[in-house]
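Read through the structure below, which is laid out as structure tokens, and then see the notes.
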Protein chains: 2
Amino acid sequence: MLETKAQRQSDRRAEILDAAERCFARAGFHRASMQDICGEAAMSPGNLYRYFPSKEALIAGICERNRAEAVASFALVDQAPEFFEGLAGLARHHLVDRTEDEVALCAEIMAESRRHPDIAQLYQGIEKDIRDRIAGLLKQAAGRDEIRNDLDLDAAASVLMLLGDGMSWRRSVDPSFDAEKVLPLILAMVRGLLAKPDRDAPAHGAKS
Amino acid sequence: MLETKAQRQSDRRAEILDAAERCFARAGFHRASMQDICGEAAMSPGNLYRYFPSKEALIAGICERNRAEAVASFALVDQAPEFFEGLAGLARHHLVDRTEDEVALCAEIMAESRRHPDIAQLYQGIEKDIRDRIAGLLKQAAGRDEIRNDLDLDAAASVLMLLGDGMSWRRSVDPSFDAEKVLPLILAMVRGLLAKPDRDAPAHGAKS
DNA sequence: AAAATGAGAATGAACGTTCACTCCCAGTAA
DNA sequence: TTACTGGGAGTGAACGTTCATTCTCATTTT
């Protein structure tokens, strides 16, 4: 009884967020009006406002969902047999397999976090979370002797995040960008940065 | 006479663009109103509209200026004695030396180009220009035998641009990001990607 | 005088949000 | 069964505000 009530509410909220995601990905935050979202969600404004108190709350809700998803993807990588393999899987998952809409939405959130202080705080929380997980990954790998141990892990984590941002942005801004094609270069580059210099790295394939 | 007229007009336009840049960097495109810009430029709306026909035209004007500046910075690098040195200089100029406002503005333009088709076209023109110049740099370096010659230059150019975007975004989104600290890692990484494998690369300094 | 330059109030559209109201249905008393 | 009722779900017109843009008129320059 009570359960189903709460469940229904939660489902409805999820539906609304789905609709909002579509609108935001299509038109951006500012150009997607509440009316648009209401239309997409097949719902009147008044009713929508019973589930979310403001447009900003929609954005926040979407952020939270993304965070949950990001965290989940890290859990998957933790189980990879070897560090670079896991990293490659994570990169592929985040940067190649994502749909246009997901990338667009991510770009939108990043852009928005530059202006709305509340969103900025939320987003930076997520960033910190992700950064910590990356640092954890690196530390673990260093412990297992899979990467060089004289690295500034903090700076290395920054580099990895920066690469992620860069690929994500390039995808969302440059229609001719081919993530699939560039990813191997990136991974080779990262390997060069992180791998122990002892075992001489093989030449990365360039001519196909 | 006629010259001074045109000059005055041009100066006035530049002043307005300066004011608009400040406003846009501070508040973003959508939240910076024309009134704000008028205030910053110490000018009435009616008068401002005599110099620029729309808000979008302001954005376009700013884009053009940035393009001109970017092109100029490439000319400087072309004169560097050696490829990696030139690249490092370019990176420093674009990613470390830039002011907060310039980075913010760049982010704003990128975000806006995702929305406004006209801006998108303009921005992609600039991107293409820059990409061509990077490709030219790489080709030249390959010709001089300064970098390996089995590279996919197109993909390598993508990687370099992606790194630039990534650093730029990280700067504008993450206040704790220290470009100065990360740049050496990035450069070492790029060197690993581009340099000829013959001469064994020295270990990049990590522990400071 | 004529043209260029400037000011600032006015305009109209778009937007997020609210509010008064309707609809639907489970529960219950007759 | 039927009639009543309380409240959550849902509606959509309206509100107040903001904003880009335009209009009208004053001032300065040629």
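Nothing here was measured: the structure is a model prediction, and the numbers come from that model. Chain letters run A, B, ... following the sequence lines, proteins first and then strands; every chain starts at 1.
- The nearest whole Å value for the distance from the CG atom in A:Leu48 to the C1' atom in D:dT11 is 13 Å.
- Residue pairs meeting the salt bridge (Lys or Arg N to Asp or Glu O under 4.0 Å) criterion with at least one member in residues 118-129 of chain B, sequence neighbours excluded: A:Arg170-B:Glu127, B:Arg67-B:Asp129, B:Lys128-B:Asp132, B:Asp129-B:Arg133.
- With sequence neighbours excluded, the residues satisfying side-chain contact (heavy atoms from CB on, under 4.5 Å) with B:Arg26 are B:Arg22, B:Cys23, B:Glu40.
- We find that CD of B:Gln9 is positioned 11 Å from P of C:dA4, with the value rounded to whole Å.
- Taking the side-chain contact (heavy atoms from CB on, under 4.5 Å) definition, one finds that B:Ala14 meets it with B:Arg65, sequence neighbours left out.
- For the pair A:Arg8 CZ and C:dC25 P, the interatomic distance rounds to 11 Å; values are reported in whole Å.
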Give every pair of a protein N or O atom and an N or O atom of nucleotides 8-15 of chain C that lie under 3.5 Å apart, one pair per line with the distance.
residue: C:dG8; atom: O6; partner: B:Gly46; partner atom: N; Å: 3.3

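- If you measure from atom CZ of A:Arg50 to atom P of C:dG16, you get 20 Å, rounded to the nearest angstrom.
- If you measure from atom OH of B:Tyr51 to atom P of D:dT21, you get 18 Å, rounded to the nearest angstrom.
- B:Phe29 pairs by the ring-ring contact (aromatic ring centres under 6.0 Å, His included) definition with B:Phe24, not counting sequence neighbours.
- In this structure, the CD1 atom of B:Ile59 is 10 Å from the P atom of D:dA20, given to the nearest Å.
- Atom CG in B:Asp11 sits roughly 13 Å away from atom P in C:dT5 (whole-Å rounding).
- More than 12 heavy atoms of other shown residues, nucleotides or ligands fall within 6.0 angstrom of atom NZ in B:Lys181.
- Distance A:Phe24 CZ to C:dG16 C1': 12 Å, rounded to the nearest Å.
- Among residue pairs with one or both ends in residues 70-82 of chain B, none qualify as salt bridge (Lys or Arg N to Asp or Glu O under 4.0 Å); sequence neighbours excluded.
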